[in-house]
Asks: 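Shown below is the structure under consideration.
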Amino acid sequence: MTAPTSTHGPEAARRLPLGEGRWPGGVVPSLGVLLPVAVLVLLAVAVAAPGLLASADPLAADPLRALAPPGGEHWFGSDHLGRDVLSRVVYGARHSISIGVAATVLAVTAGVLLGLAAGLSPKWLDEALARSFDVLSTLPELLLALLIVAIIGPGTGNVIFAIAVAQIPNYARVIRAQTFVVRRSGYVEQALTFGRSRLAITAGHVLPNVLGPIPVLATIGLGGAVIASSGLSFLGMGPQPPAAEWGAMLSEARNYLRVAWWEALFPGLAITLTVACLTVAGRRLQRRFEGRTPPA
């Protein structure tokens, strides 16, 4: 006689599909998606309309209230000049995230064009471009961006350019590989048979079919760009004081860690939360792109 099958315990949990029976009602998996989205929406509001989240002037100094701890008047405390840390963190999102977005857009655009050029070019040109991507990829992004800024000089525009150049190989190598697959596909060969021009085939068939991984890469790459922009600003190469920028805020706060931990804690948390939420969103996009996660 066959023993009854238990509906409880570890054996039953292993038989259940992923996401079923482990969290009642799917509450935790839902929070795992909604929380990063909520944080990213909040960051978008901080970039577009920071006055909705913070009413104080981020540049207004009050020496009489310098290094005030977090409390009712200053929720995140005040810095060494008496400026409200909450307002500076909120307004700092505009600098830090805008630099990251601009660098990512520039890197994606250049990466797609260079990847297409490599994948559709003669072998000698493809090899030259591919080796260039490989050489640039051997250097850490922040180190390469730092080297470029050291050569061309500091400034917000130069920081955006340097981060974009450091990230271009990430996109170009993927687009190049995708181009090799698409150019050998049946519908491209059929379009060639019908006499369509190479430019029309590239624009109408190749380009739309190689862009699939880009949203995933760009979402994760944006987190790396935010880290790089904050790191370069920490070194004094990005927006200059008194501008509210997360990396610059950390740089100013490093001399006051023993007496005012909050001055460094909150911009550091802003960077960490931003990068973590972008990474979670990017990984989920990747799973959906690969067909491993059903739409929520």
Asks: Please list all pairs passing the ring-ring contact (aromatic ring centres under 6.0 Å, His included) test where one or both residues lie in residues 42-89, with sequence neighbours left out.
Replies: F76-F266, H80-Y256

Asks: Would R131 and E127 count as a salt bridge (charged side-chain N to carboxylate O under 4.0 Å, His left out) here? Give the steps.
Replies: CA-CA 6 Å; R131 296 297 77 78; E127 285 293 326; 2.5 Å; yes

Asks: Side chain to side chain contact (heavy atoms under 4.5 Å, CB included), that's the test. Do N209 and Q178 meet it? Break it down for me.
Replies: CA-CA 8 Å; N209 288 286; Q178 291 287 107; over 6 Å; no

Asks: Give me the atom names and distance for the closest heavy-atom approach of I220 to G282.
Replies: CG1-CA, 3.8 Å

Asks: Would R88 and L59 satisfy side chain to side chain contact (heavy atoms under 4.5 Å, CB included), going step by step from the backbone distance to the final call?
Replies: CA-CA 8 Å; R88 289 183 63 77; L59 303 181; 3.9 Å; yes

Asks: Check for me, please, whether L125 and L120 land in the same ILVMFWY cluster - side-chain distances under 4.5 Å, paths through other members count.
Replies: no

Asks: Does S137 reach the main-chain N or O of P169 with its side chain, forming a donor-acceptor pair under 3.5 Å?
Replies: no

Asks: Can you check whether V47 reaches V101 side chain to side chain, under 4.5 Å on heavy atoms?
Replies: no

Asks: Before giving the answer on side chain to side chain contact (heavy atoms under 4.5 Å, CB included), spell out for I175 and I214 the whole-Å C-alpha distance, their side-chain angles and the decisive distance to 0.1 Å.
Replies: CA-CA 8 Å; I175 294 298; I214 290 299; 3.8 Å; yes

Asks: So does V280 get a backbone contact from the side chain of R283, meaning a donor-acceptor N/O pair under 3.5 Å?
Replies: no

Asks: Once you round to the nearest 0.5 Å, how far does CD of Q286 lie from OG1 of T279?
Replies: 11.0 Å

Asks: Please name the pair of heavy atoms, one in L250 and one in A264, separated by the smallest distance, quoted to 0.1 Å.
Replies: CD2-O, 3.2 Å

Asks: With hydrophobic residues grouped by side-chain heavy-atom distances under 4.5 Å, do L42 and I97 end up in a single group?
Replies: yes

Asks: What pair of heavy atoms forms the shortest contact from L67 to W262, and how long is it?
Replies: O-CZ2, 3.1 Å

Asks: With sequence neighbours excluded, give me every ring-ring contact (aromatic ring centres under 6.0 Å, His included) pair touching residues 121-167.
Replies: none

Asks: Side-chain contact, heavy-atom cut-off 4.5 Å: I99 with V159?
Replies: yes

Asks: Measure the spacing between OG1 of T109 and OH of Y171 and express it to the nearest 0.5 Å.
Replies: 10.0 Å

Asks: Which value, rounded to the nearest 0.5 Å, describes the distance between T272 atom OG1 and L265 atom CG?
Replies: 9.0 Å

Asks: Report the distance from atom CG of L40 to atom OG1 of T274, rounding to the nearest 0.5 Å.
Replies: 7.5 Å

Asks: Which is it for D126 and F180 under the side chain to side chain contact (heavy atoms under 4.5 Å, CB included) test, yes or no, and what are the steps along the way?
Replies: CA-CA 11 Å; D126 172 50; F180 280 137; 3.4 Å; yes

Asks: Please answer: with hydrophobic residues joined when any side-chain heavy atoms are less than 4.5 Å apart, are L273 and Y91 in the same cluster?
Replies: no

Asks: Are I160 and L113 linked, directly or through other ILVMFWY residues, by side chains that come within less than 4.5 angstrom of each other?
Replies: no

Asks: For P58 and R83, work out which heavy atoms get closest and say how close.
Replies: O-CD, 3.6 Å

Asks: Any idea which heavy atoms bring A164 and L106 closest together, and the distance?
Replies: CB-CD2, 3.6 Å

Asks: Could you list the donor-acceptor pairs under 3.5 angstrom formed by side chains in residues 138-153, with sequence neighbours left out?
Replies:
from : atom 1 : to   : atom 2 : distance (Å)
T138 : OG1    : V135 : O      : 2.5
E141 : OE1    : Q167 : NE2    : 3.4
E141 : OE2    : N170 : ND2    : 2.6

Asks: Are I163 and V165 connected in a single hydrophobic cluster, I mean Ile/Leu/Val/Met/Phe/Trp/Tyr linked by side-chain heavy atoms less than 4.5 Å apart?
Replies: no

Asks: Measure from the side-chain N and O atoms of T219 to the backbone N and O of A281, and report whether any donor-acceptor pair falls under 3.5 Å.
Replies: no

Asks: What is the distance from atom OG of S96 to atom CD1 of I227, rounded to the nearest 0.5 Å?
Replies: 11.5 Å

Asks: Where do L211 and L207 come nearest, in terms of heavy atoms and distance?
Replies: CG-O, 3.2 Å

Asks: State the CE-CD1 distance between M249 and I271, to the nearest 0.5 angstrom.
Replies: 9.0 Å

Asks: Taking side chain as C-beta onward, heavy atoms only, is E245 less than 4.5 Å from S230?
Replies: yes

Asks: Any heavy-atom pair between the side chains of W246 and S233 that's under 4.5 Å?
Replies: no

